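Structure first, then comments.
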Amino acid sequence: MSGSSFWKEFPKPIVALAPMEGYSDSAFRQVCKSVNPSIVTYTEFTSADGLHHSPDRVRKKLQFKPTESPVIAQIFGKHPETFVSAAKLIEDMGFSGIDLNMGCPAKKVVKSEHGVALRKNHDLAFKLIESVVKATALPVSVKSRLGWEDSSDLEAFCLGAESAGASMIAIHARTYTQPYKVAAQWSPLYQLKDKLSIPLLGNGGLSGLADGYSKIENLDGFLIGQAAMGNPWVFSESNPSPNFHEKIPIIKAHAQYLIEDKGEPVGCREIRKHLVTYCKLIPNARQWRSELVHVESLDAIQSILDRMALTLSQSLPID
Ligand SMILES: Cc1cc2nc3c(=O)[nH]c(=O)nc-3n(C[C@H](O)[C@H](O)[C@H](O)COP(=O)(O)O)c2cc1C
């Protein structure tokens, strides 16, 4: 499949783990793929300038395992020349696609005229897409939002992105100014879809696969983000609500992958927030939490999880 037709020919609906800084790293992608091998994954967003200036350091953050494929590497920035060198590196690393972040609302990112700020500068956004498309054989996609304050430029932006060579677009169905507590509005996406000839994915507020299938309508797929935190089973077709005993092997695997990738001190620090989220609904969660936020080794994590399982099976109070 050539770059431009890759996503068109990809089996539909496309279901993806959304890119999430601090969450969608290699370990979590492996875990989500183990729950549903047919999903697509995105990396956390990665600075194109960083990849250009310190390729070895940033490459480390982008490492992935073959079991995570297809993986789309997401980059952000505003300089065509750094996007081009980042694209070459991403292609060399064996990713299945490159995604250009044009939706991040973080203050620092917007102030630097990256992320969603590109919605205020369509010409630069299209130039970035064109430069990357010319530089790589990989499919180049774009992830953005409905718009800045409303969705009035959504159609012009997406048609321009398509003309510049984008081969898929994912839209988080909120504007830049809408906080997460505002319900995502998918209707502008359904209207947009018929105007585009490339795949269009919806995103925002989905609780799991069933919710995605019910909202997808004429779209080509959807991304799930926050609902997957501590709950990769949102991607499961067969068992979306496993009991805690069934969850334990996956939680242990998550810890193991993270610690293998980042080493015990960093891996343990990073797994704590995931452990707390995995365990937030079990009885006495608050008491277990105080242990989980202090884990220092993989052995300790495994032993806490084993104790949890035993306590739950015996319904014993924790002392
Ligand atoms: C902690 C966190 C980190 C995120 N990081 C990224 C990112 O690196 N790149 C990106 O395009 N979107 C990022 N997003 C946005 C998500 O990809 C997604 O668009 C948003 O969370 C809405 O989907 P959801 O309601 O399913 O979570 C992030 C969101 C969260 C909550």
Side-chain angles (χ1 to χ4, degrees), residues 13-26 28-29 32 39-48 50-51 58 61-62 64 71-78 86 90 95 97-110 112 114-119 125 128-129 140-147 154 157 161 166 168-186 188-189 200-216 219 221-235 270 272-274 276-277:
I14 297 172
V15 177
L17 168 67
M20 286 189 292
E21 170 68 5
Y23 287 88
S24 62
D25 57 10
S26 172
F28 192 53
R29 296 193 301 262
C32 292
I39 64 168
V40 170
T41 60
Y42 286 74
T43 66
E44 304 163 271
F45 75 165
T46 302
S47 160
L51 272 166
V58 184
K61 180 176 169 186
L62 279 179
F64 69 99
V71 196
I72 303 175
Q74 191 191 62
I75 53 175
F76 70 95
K78 67 172 175 186
I90 285 166
F95 282 98
I98 301 180
D99 188 74
L100 312 188
N101 180 312
M102 300 192 178
C104 181
K107 251 194 200 138
K108 216 169 96 186
V109 171
V110 174
S112 311
H114 303 155
V116 74
L118 289 162
R119 288 297 286 275
L128 291 169
I129 299 168
V140 179
S141 55
V142 172
K143 179 167 177 283
S144 190
R145 292 183 163 239
L146 289 180
L154 181 66
F157 175 77
M168 181 164 75
I169 297 179
I171 298 290
H172 174 186
R174 291 187 181 93
T175 64
Y176 162 61
T177 54
Q178 282 173 332
Y180 278 95
K181 62 178 187 232
V182 172
Q185 299 161 358
W186 286 56
L189 304 186
L200 176 65
L201 310 183
N203 164 239
L206 295 179
S207 58
L209 281 191
D211 194 18
Y213 295 141
S214 78
K215 296 232 169 68
I216 187 173
L219 306 182
F222 54 86
L223 278 55
I224 299 179
Q226 292 163 97
M229 293 174 176
N231 192 9
W233 301 277
V234 291
F235 291 111
E270 291 193 7
R272 292 172 189 162
K273 64 177 183 249
H274 295 281
V276 168
T277 323

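Everything numeric here is computed off the predicted structure, so don't read it as measured data. One-based numbering, in listed order, for ligands and for the atoms of each.
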**Report entry** From Ile169 atom CD1 to Lys143 atom NZ, the distance as rounded to the nearest 0.5 Å
**Finding:** 13.0 Å

Query raised in the report: Are any of the heavy atoms in Ala227 under 4.0 Å away from ligand 1?
Result: no

Query raised in the report: Of the choices Asn203, Leu206, Val142, which has the non-hydrogen atom that lies closest to atom 23 (O) of ligand 1?
Result: Asn203

Query raised in the report: Closest non-hydrogen protein atom to atom 12 (N) of ligand 1, residue and atom name please, with distance?
Result: Lys143 NZ, 3.1 Å

Query - Stepwise side chain to side chain contact (heavy atoms under 4.5 Å, CB included) check, Ile224 with Ile39 - result: CA-CA 10 Å; Ile224 299 179; Ile39 64 168; over 6 Å; no

Query raised in the report: Is there a side chain to side chain contact (heavy atoms under 4.5 Å, CB included) between Trp186 and Leu206 once you walk through the steps?
Result: CA-CA 11 Å; Trp186 286 56; Leu206 295 179; 3.7 Å; yes

Requested in this report: Would you confirm whether Arg29, through its side chain, and Ser24, through its main-chain N or O, come within 3.5 Å as a donor-acceptor pair?
Outcome: yes

Query raised in the report: Is the backbone of Ser214 close enough, under 3.5 Å, to the side chain of Asp211 for a donor and an acceptor to pair up by distance?
Result: no

Query - Heavy-atom proximity to atom 24 (P) of ligand 1, best of Gln74, Met229, Gln226, Glu44 - result: Gln226

Query raised in the report: Taking the non-hydrogen atoms of Gly103, is any one of them nearer than 4.0 angstrom to ligand 1?
Result: no

Query raised in the report: Quick check: does Phe45 get an N/O under 3.5 Å from an N/O on ligand 1?
Result: yes

Query - Sub-3.5 Å N/O-N/O distance, Tyr23 and ligand 1 - result: no

Query - Set of side chain to side chain contact (heavy atoms under 4.5 Å, CB included) partners for Leu154, sequence neighbours left out - result: Arg119, Leu146, Ser151, Cys158, Ile171, Pro188, Leu189, Leu192

Report task. For the pair Asn203 (side chain) and Leu223 (backbone), establish whether a donor and an acceptor sit closer than 3.5 Å, ignoring hydrogens and angles. Result -> yes

Query raised in the report: Is the side chain of Thr41 donor-acceptor paired with the backbone N or O of Leu17 at a distance under 3.5 Å, no angle test?
Result: no

Query raised in the report: Looking only at protein heavy atoms, which one is nearest to atom 25 (O) of ligand 1, and how far off is it?
Result: Gly205 N, 2.7 Å

Query raised in the report: Who gets closest to atom 16 (C) of ligand 1 by heavy atom: Pro19, Gly225, Ser207?
Result: Pro19

Query - ligand 1 atoms in contact with Asn101 (distance to a heavy atom under 4.0 Å) - result: 9 (N), 10 (C), 11 (O)

Requested in this report: Just jot down the side chain to side chain contact (heavy atoms under 4.5 Å, CB included) partners of Thr177, sequence neighbours excluded, or say none.
Outcome: Glu149, Thr175

Query raised in the report: Can you find a non-hydrogen atom of Tyr180 under 4.0 Å from ligand 1?
Result: yes

Query raised in the report: Nearest to atom 3 (C) of ligand 1, what protein heavy atom do you find, and at what distance?
Result: Glu21 N, 3.3 Å

Requested in this report: Using a 4.0 Å heavy-atom threshold (strictly under), name the region of Met20 that reaches ligand 1: side chain, backbone, both or neither.
Outcome: both

**Report entry** For Gly204, the ligand 1 atoms whose distance to one of its heavy atoms is below 4.0 Å
**Finding:** 23 (O), 25 (O)

Report task. Without swapping roles, check the side chain of Arg174 against the backbone of Gly204 for a donor-acceptor pair under 3.5 Å. Result -> no

Report task. Could you list the atoms of ligand 1 found under 4.0 angstrom from a heavy atom of Ala18? Result -> 17 (O)

